[in-house]
Amino acid sequence: MKYWLMKSEAESFSIDDLAHAPRKTTCWDGVRNYQARNMLRDEMKRGDLAFFYHSGGDLPGIAGIVEIVRDAYPDHTAFDPDDHHFDAKSDPENPRWYMVDVKLVDKLPRVISLRELKQYAGDKLAGFQLLARGNRLSVMPVSAAQWKFINSLSKAK
DNA sequence: GCCAACGTTGGC
DNA sequence: GCCAACGTTGGC
């Protein structure tokens with residue numbers, strides 16, 4: 001079992017949107033970065049847990065926890081010319097982009113802001129990819145120790 | 001294979 | 001809205 005962090009722009013799809021989705025489940029479409037895709041397609045498995053990270057907006061940070069409930073399968077939004085995530089270079093015979101399904105496990109009692117996480121960059125969260133300079137990956141691994149520490153933050157204060 | 005131009009991400 | 005940091009594209 002692995003841990004992950006997945007980013008979503010709060011204004012386009014937030015933790016509350018997921019909470020109101022049927023069965024609190026959604027397909028995680030729109031990943032269009034090879035590094036993120038490779039992790040999502042090759043390493044992410046059903047049963048893994050991930051932090052739901054809000055990017056943009058007033059308070060960028062970790063908003064909740066989701067479970068991967070379906071292994072990677074072709075991202076069909078890449079095949080639809082009317083879709084914002086359309087990519088002519090991906091076709092059903094040879095899909096370029098993949099997605100997983102995620103289900104809401106918990107909305108955290110409070111958002112753990114990026115600002116707060118940065119306070120531990122030289123300590124408990126040393127090496128955390130989210131805090132790496134210039135990091136823009138939308139899917140990234142989280143170590144068990146990092147996972148545990150961040151969860152403890154959500155319960156404190 | 002190099003690299004300039006361009007587009008995107010995402011914090012601020 | 002600004003801009004740094006990337007990733008991608010395409011000419012050569």
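- By the salt bridge (charged side-chain N to carboxylate O under 4.0 Å, His left out) test, A/Lys124 is found to be paired with no residue, residues two or more places apart in sequence or in another chain being considered.
- When all heavy atoms of A/Arg110 and A/Leu153 are compared, the pair lying nearest together is NH2-O, 2.8 Å.
- Residues satisfying the side chain to side chain donor-acceptor pair (under 3.5 Å) test with A/Gln146, not counting sequence neighbours, are A/Ser143.
- Nucleotides of DNA chain C with any atom under 4.0 Å from a heavy atom of chain A span, from 5' to 3', C/dA5 to C/dT9.
- Listed by chain and number, the residues in a salt bridge (charged side-chain N to carboxylate O under 4.0 Å, His left out) with A/Arg32 are A/Asp75 (sequence neighbours excluded).
- In the hydrophobic clustering, A/Met99 connects to A/Tyr73, either directly or through intervening members, whenever side-chain heavy atoms lie under 4.5 Å apart.
- With sequence neighbours left out, the salt bridge (charged side-chain N to carboxylate O under 4.0 Å, His left out) criterion links A/Asp106 to no other residue.
- Less than 4.0 Å separates DNA chain B from at least one heavy atom of each of the following residues of residues 49-60 of chain A: A/Tyr53, A/Ser55, A/Gly56, A/Pro60.
- Evaluation of the ring pair (Phe, Tyr, Trp, His ring centres under 6.0 Å) test over residues 10-55 of chain A, restricted to residues two or more places apart or in two chains, returns A/Trp28-A/Phe52, A/Tyr34-A/Trp97, A/Phe51-A/Trp147, A/Phe52-A/His54.
- Pairs of residues two or more places apart, or lying in two chains, never qualify as salt bridge (charged side-chain N to carboxylate O under 4.0 Å, His left out) while including a residue from residues 83-96 of chain A.
- Counting any heavy atom pair closer than 4.0 Å across all strands shown, A/Arg133 reaches sugar-phosphate atoms only and no base atom.
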